[in-house]
Amino acid sequence: MFQHLDAYAGDPILSLNEAIQKDPRPHKVNVSIGIYFDDAGRIPVLDCVRQAEAQMLAEGSAKPYLPIEGAAAARSAVQALLFGAAHEAVASGRIATLQTIGSSGGLKVGADFIARWFPGSGIWVSDPTWDNHRAMFEGAGLAVHTYPYYDAATGGVKFDAMLQTLSDLPARSVVLLHACCHNPTGVDLSREQWRELCAVLKQRALLPYLDLAYQGYGDGIEEDAFAPRALAEAGLSFFIANSFSKSMSVYGERCGALSLVCPDAAQAERALGQLKATVRRNYSSPPLHAAGIVARVLGDPALRAGWEADVSAMRERILAMRRRLHALLTARLPGRELGYFLSQRGMFSYTGLSPAQVDRLREEFGIYLIRSGRICIAGLNSGNVERTAEAMAEVMR
């Protein structure tokens, strides 16, 4: 019956993670998958999350299905986090928000919505982007193209080329943008570049789709919400999928949301209805436990303060590892330009390593990166950063 099926090659990141688990070498280093580890190499359980879950357990409430769109308290908390509780778009009711199964679930729901209601629209993603972006949107039946983004020569953004490409797109084309902490490069747009981009998006009547998976890991929780607020203030309609996996360290709980900013409340109501119809045809309703975590942590002042302190500490630890890796590599590779490790932001950096160099790191030294050369800085700690730097310097010579 199923002999005609092609074999699945496996996800390049998750398959690599499986290989790491089978590697018997005691000093192997996992800097491949996008997970935050503390300095002891463990996934932390944040105290604010622990307290929220204790409250939920103490209440002993029943576990009914949530509404298709998710828990009202969680959805309201998401809007306030992304835009500010007093933002005009929130107050006027022109944002349609779903609680989703992680931001990946939000991205896919949005892709299916676009395929149904904007069937002639192609989607443009940055070159490069997160591997699963293309798979998700192609899986929804959309044509996926790329716009220039990463400049390997400078370690920055090909901003002029990016704007030129977007300026030539037909109206209602969908443009996928990383709101902060670009995955995989760690190279972000400046605020001034965001403002210039907003003008082009509005002039060309394009439909932006923001992916915000790392809020708080760039410059701060409020600072990393600049992009959605700038787009809203420019009068644009746009999607934004956001995640709490990293910022609350709740990867397996699948805490995410999808918001669609509309021109007015009437259009937002219609959009929410069709987004709900899209969800009903897919997973029907989102997780109850995830809704409780998000609503309680963001809605309780004490828990919120603890969460903000935890996010700040995680961001600072990543930054400290960036600086340490840069210092160690600079000492071992005098004269080599390595400043991009300091200018890139968030969990990831593009190392400039070739696939052959990445293979050598894995095979000879037990250092696991993905073959694009992306390194997850959050996988480094005081116990493995020197060995990682020494191995990287060896293959870069």
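Scanning both residues, Ala96 and Ala268, for their nearest heavy atoms gives CB-O, 3.6 Å. Closest approach of Arg332 to Ala389, counting heavy atoms only: CD-O, 4.1 Å. When all heavy atoms are compared, the tightest approach of Arg322 to Phe341 is NH1-O, 2.8 Å. The two residues Ala291 and Ala74 make their nearest non-hydrogen contact at O-CB, 3.9 Å.
Using a cutoff of 4.0 Å between basic side-chain nitrogens and carboxylate oxygens, Lys108 and Asp112 are scored as salt-bridged. Ion pairing between Asp300 and Arg296 fails under the 4.0 Å rule for side-chain N and carboxylate O. Between Arg345 and Asp188, at least one side-chain nitrogen of the basic residue sits less than 4.0 Å from a carboxylate oxygen of the acidic one, meeting the salt-bridge criterion. Between Lys22 and Glu18, none of the side-chain N atoms (NZ, or NE/NH1/NH2) sits under 4.0 Å from a carboxylate O, so this pair counts as no salt bridge.
Hydrophobic cluster membership is shared by Val157 and Val175, with clusters built from Ile, Leu, Val, Met, Phe, Trp and Tyr side chains linked at under 4.5 angstrom. No single ILVMFWY cluster, assembled from side-chain heavy atoms under 4.5 Å apart, contains both Leu303 and Ile293. By the rule that hydrophobic residues join a cluster once side-chain heavy atoms approach within less than 4.5 Å of another member, Tyr217 and Val45 end up as members of separate clusters. Cluster annotation: Val31 and Ile43 are assigned to the same hydrophobic cluster (Ile/Leu/Val/Met/Phe/Trp/Tyr, side-chain heavy-atom contacts under 4.5 Å, transitive). Both Phe365 and Val29 are members of a single hydrophobic cluster when ILVMFWY side chains are connected at heavy-atom separations under 4.5 Å.
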- Please test Arg204 against Leu166 for side chain to side chain contact (heavy atoms under 4.5 Å, CB included), starting from the C-alpha separation and ending with a verdict. CA-CA 8 Å; Arg204 296 298 306 160; Leu166 299 185; over 6 Å; no

- Passes side chain to side chain contact (heavy atoms under 4.5 Å, CB included), Leu163 versus Leu197? Steps please. CA-CA 7 Å; Leu163 286 189; Leu197 175 60; 4.0 Å; yes

- Message: Would Val49 and Ser249 count as a side chain to side chain contact (heavy atoms under 4.5 Å, CB included) here? Give the steps.
- Response: CA-CA 9 Å; Val49 172; Ser249 193; over 6 Å; no

- Item | Full working for side chain to side chain contact (heavy atoms under 4.5 Å, CB included) between Tyr36 and Ile318 | CA-CA 9 Å; Tyr36 176 87; Ile318 293 173; 3.9 Å; yes

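Checked by atom type, the side-chain pair Thr129/Arg134 shows no donor-acceptor distance below 3.5 Å. Neither side chain, His133 nor Ser126, offers a donor N or O lying under 3.5 Å from an acceptor on the other. Under the 3.5 Å distance criterion, with hydrogens and angles disregarded, no donor-acceptor pair is assigned to the side chains of Gln164 and Asp160. Counting only N and O atoms by type, the side chains of Ser349 and Gln344 include a donor and acceptor under 3.5 Å apart.
Looking at residues two or more places apart in sequence or on another chain, you find a salt bridge (Lys or Arg N to Asp or Glu O under 4.0 Å) between Glu386 and Arg324. For Glu364, the salt bridge (Lys or Arg N to Asp or Glu O under 4.0 Å) partners two or more places apart in sequence, or in a different chain, are Arg360. Considering only residues two or more places apart in sequence or on other chains, Arg336 meets the side-chain contact (heavy atoms from CB on, under 4.5 Å) condition with Leu333, Leu338, Met396. Residues satisfying the salt bridge (Lys or Arg N to Asp or Glu O under 4.0 Å) criterion with Asp310, sequence neighbours excluded, are absent altogether. Looking at residues two or more places apart in sequence or on another chain, you find no salt bridge (Lys or Arg N to Asp or Glu O under 4.0 Å) involving Glu390.
Residue Leu342 is found outside any hydrophobic cluster, as its side-chain heavy atoms come under 4.5 Å of no other Ile, Leu, Val, Met, Phe, Trp or Tyr. Cluster partners of Leu288, using a side-chain heavy-atom cutoff of under 4.5 Å among ILVMFWY residues and allowing indirect links, are Leu66. With a 4.5 Å cut-off between side-chain heavy atoms of Ile, Leu, Val, Met, Phe, Trp and Tyr, the cluster of Leu319 takes in none. Hydrophobic side-chain contacts under 4.5 Å tie Leu57 to no other Ile, Leu, Val, Met, Phe, Trp or Tyr residue.
Between the Tyr209 side chain and the Leu107 main chain, a donor and an acceptor come within less than 3.5 Å of each other.
Atoms OG and CG, from Ser121 and Leu207 in turn, are 7.5 Å apart once rounded to the nearest 0.5 Å. The distance from atom CZ of Arg94 to atom CG of Leu260, rounded to the nearest 0.5 Å, is 10.5 Å. Separation of atoms CD (Glu394) and CG (Leu361) is listed at 10.0 Å; rounding is to 0.5 Å. Between Ile370 atom CD1 and Asn17 atom CG the span is 11.5 Å, to the nearest 0.5 Å. Summarising the geometry, atom CD1 belonging to Ile35 is positioned 15.5 Å from atom CZ belonging to Arg42; distances are rounded to the nearest 0.5 Å. Taking CD of Glu88 as the reference point, atom CD1 of Ile95 lies at 8.5 Å (rounded to 0.5 Å).
Taking the six-membered ring for Trp and the full ring otherwise, His182 and Tyr150 have centroids separated by 6.0 Å or more.
Glu223 is listed as a side-chain neighbour of Arg191, based on a closest heavy-atom distance under 4.5 Å. For the pair Val261 and Leu231, the minimum side-chain heavy-atom distance is 4.5 Å or more. Thr351 has its side chain out of reach of Gln357: every pair of non-hydrogen atoms, C-beta onward, lies at least 4.5 Å apart. Using a 4.5 Å heavy-atom cutoff, the side chains of Phe226 and Leu189 are not in contact. Looking at heavy atoms from C-beta onward, Met248 lies in side-chain contact with Leu298 at the 4.5 angstrom threshold. Tyr147 places a side-chain heavy atom less than 4.5 Å from the side chain of Leu177. Side-chain contact between Arg229 and Glu222 is present, with heavy atoms from C-beta onward closer than 4.5 Å. Residues Tyr350 and Ser372 have side chains in contact (heavy-atom distance under 4.5 Å, counting atoms from C-beta outward).
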Hey, can you pull the donor-acceptor pairs under 3.5 Å for the side chains in residues 235-242, sequence neighbours left out?
none

Name each donor-acceptor pair under 3.5 Å that joins a side chain in residues 270-285 to protein atoms two or more places apart or in another chain, with its distance.
{"residue": "Thr278", "atom": "OG1", "partner": "Gln274", "partner atom": "O", "Å": "2.8"}
{"residue": "Arg280", "atom": "NH1", "partner": "Ser284", "partner atom": "OG", "Å": "2.3"}

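Heavy atoms from other residues, nucleotides or ligands lying under 6.0 Å from CZ of Arg397 number more than 12.
Pairs passing the side-chain hydrogen bond (donor to acceptor under 3.5 Å, both in side chains) check and including a residue from residues 61-73, sequence neighbours excluded, do not occur.
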